[in-house]
Each structure stands twice: as C-alpha cells, then as structure tokens.
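Counting convention: from 1, in listed order, for ligands and their atoms alike.
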Amino acid sequence: MSQLDLIKSSIKSIPDYPKAGIIFRDITSLLEVPTAFQAAVDAITAEFKDKGITKIVGTESRGFIFGAPVALALGVPFVLVRKPKKLPREVISQSYTLEYGEDTLEIHKDAINTNDNVLMIDDLLATGGTIDATAKLIRRLGGKVENAAFVIWLPELGGKERLAKEGITSFSLVSFE
Ligand code: PRP
Ligand code: ADE
C-alpha cells in the first residue's frame with residue numbers, strides 16, 4: 001500500500017455528524033495508526049523543506065496536531081491561531097464562516113514579523129473559511145503567506161478556489177468527493 005493509501009484508509013467517515021447531510025472525515029482514527037500519522041507529517045514536511053518557510057501557523061484545534069510536528073521537522077517556530085479568549089497576550093481577531101457554523105479566530109500580535117514566510121497547516125480544507133481567516137490574521141500582522149497544507153481536501157466545497165483568489169496555494173494529501 002502506498003503512503004497516501006495508508007493515510008486515506010486510516011481516516012474514518014461518519015455520516016450525519018455533527019448534523020444531517022455532513023460526512024465527517026475523522027482524523028482521530030489516523031492518529032491511532034502511528035505509521036499513518038508519521039506518513040502525513042513526513043509528506044507535508046518533504047513538500048515544504050526547501051521553500052524558505054520561516055514559521056508554521058496551526059489553526060485550533062486539529063491544525064495543532066499536524067502543524068507542531070511539521071514545525072519541529074522543519075526547525076521553525078510554531079504559532080497558534082486559537083478560538084476566542086484562549087491566548088493570554090495581546091491579540092487581533094477575525095470572524096469567519098464554517099461548513100456548519102460561524103466562529104472567530106485570534107493570534108498573538110507579536111507572533112508574526114514582517115519578514116516571515118508563513119506556511120499554514122490544518123487537518124482539512126472544506127469551504128476554506130478557516131484558512132482564509134488565518135491568512136487574514138497573518139497578513140494584518142505584516143507576514144507573507146502564500147501556502148497552506150492539509151491532510152484532507154473536500155473538493156466539492158470550493159475551498160481551494162476560494163483560497164486561490166486570495167493568493168494562497170493549497171497542498172493536500174488525500175481528497176474525499
Ligand atoms: C474544522 C477543520 C478545519 C475547518 C475546515 O475545524 O479542522 O479547521 O473545520 O473547514 P473550512 O475549510 O470550511 O473552514 P473546526 O472549526 O470544526 O474546529 P476543530 O478543529 O477545533 O474541531
Ligand atoms: N470540517 C469542516 N468540514 C468537515 C468535515 N466534513 N469533516 C471533518 N471536519 C470538517
């Protein structure tokens with residue numbers, strides 16, 4: 001089995017969660033297979049190892065799981081984008097819509113510098129709202145961000161096109177129609 005087949009086959013699909021009509025693509029089952037988890041981290045790391053990335057930004061909460069090990073593998077700082085009122089220092093905030101709701105994200109004001117070339121990492125790309133909001137936070141702080149990496153891409157929800165319009169190229173490991 002290829003590494004990508006191993007990754008895809010370890011992701012469970014749960015119909016009608018969290019509400020009717022949504023098929024939830026569950027990465028917790030992938031995390032329980034160390035070879036699959038390692039393969040996902042390695043594939044993202046390999047794609048970006050020579051691209052001049054100076055910081056990884058991971059978005060709460062599943063973005064933390066993949067963002068942190070990639071940051072360690074690339075030897076660059078890891079920055080958290082979190083849901084409201086979780087970060088202790090001064091923050092800026094950005095609201096966004098999800099496939100199944102609405103939310104706000106925050107980042108520490110001092111976490112990004114004007115010379116940063118940031119890679120955003122999350123577990124899954126659906127509508128792109130989460131990563132669009134994350135990119136806006138990074139850019140408001142003066143950082144350059146042109147790339148996002150995901151384990152899972154849901155092509156039908158248009159996230160890749162939405163992010164492309166914002167100048168962001170999406171890299172993903174597996175997709176589910
Ligand atoms: C999920 C997922 C992505 C986002 C993708 O996060 O982990 O961050 O939705 O959807 P989008 O492309 O339409 O924005 P969720 O907000 O459910 O938070 P969680 O990671 O804390 O479960
Ligand atoms: N986040 C947004 N849409 C999702 C889905 N279908 N499965 C898992 N996480 C998601």
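Note on ligand 1: Gly128 sits in its first shell, one or more heavy atoms being nearer than 4.0 Å. Using a 4.0 Å heavy-atom cutoff, Asp122 is listed among the residues neighbouring ligand 1.
Of the candidates Gly63, Gly58, Ala126, it is Ala126 that places a heavy atom closest to atom 10 (O) of ligand 1. Relative to atom 18 (O) of ligand 1, the option among Lys83, Arg162, Arg82 with the closest non-hydrogen atom is Lys83.
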Item to check | Test side chain to side chain contact (heavy atoms under 4.5 Å, CB included) applied to Ile168 and Asn147, step by step | outcome: CA-CA 5 Å; Ile168 295 155; Asn147 292 284; 5.9 Å; no
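In terms of N/O distances under 3.5 Å, ligand 1 is not approached by Leu125. For Thr97, no nitrogen or oxygen atom sits less than 3.5 Å from a nitrogen or oxygen atom of ligand 1, counting backbone and side chain alike. Of the N or O atoms in Asp123, none lie within a sub-3.5 Å distance of an N or O in ligand 2. By the 3.5 Å distance cut-off applied to N or O atoms, Ile23 is counted among the residues near ligand 2.
A single hydrophobic cluster is seen to contain both Ile92 and Ile112, as judged by linkage of ILVMFWY side chains at heavy-atom distances under 4.5 Å, directly or through other members.
With ligand atoms numbered from 1 in the order given, ligand 1 contributes 11 (P), 12 (O), 14 (O) to contacts under 4.0 Å with heavy atoms of Gly129. Counting atoms of ligand 1 from 1 in the listed order, those under 4.0 Å from a heavy atom of Asp123 are 2 (C), 3 (C), 7 (O). Ligand-side atoms of ligand 1 in range of Leu124: 3 (C), 5 (C), range being under 4.0 angstrom from any heavy atom. Which parts of ligand 2 touch Arg62 is read off a 4.0 Å heavy-atom cut-off, strictly below it: atoms 8 (C), 9 (N).
Side-chain contact check for Thr54 and Asp116: at least one donor-acceptor pair (N or O, by modelled atom type) lies under 3.5 Å. In the model, Ser95 has a side-chain atom that pairs as donor or acceptor with a side-chain atom of Thr104 under 3.5 Å. Counting only N and O atoms by type, the side chains of Glu106 and Ser93 include a donor and acceptor under 3.5 Å apart. A donor atom on one side chain and an acceptor atom on the other are not found under 3.5 Å apart for Ser10 and Ser29.
For the side chain to side chain contact (heavy atoms under 4.5 Å, CB included) test with Arg162, the passing option among Thr127, Ile131, Leu125 is Thr127; the others fail.
Residue contacts with ligand 1 for Thr130 involve both N, CA, C or O and side-chain atoms from C-beta outward (heavy atoms, distance under 4.0 Å). By the criterion of a heavy-atom distance under 4.0 Å, the backbone of Glu60, and not its side chain, is placed next to ligand 1.
Looking at Glu60 and Lys83, no side-chain N of the basic residue comes within less than 4.0 Å of a carboxylate O on the acidic one, giving no salt bridge.
With rounding to the nearest 0.5 Å, the separation of CD1 in Ile14 from CG in Asp26 is 4.0 Å.
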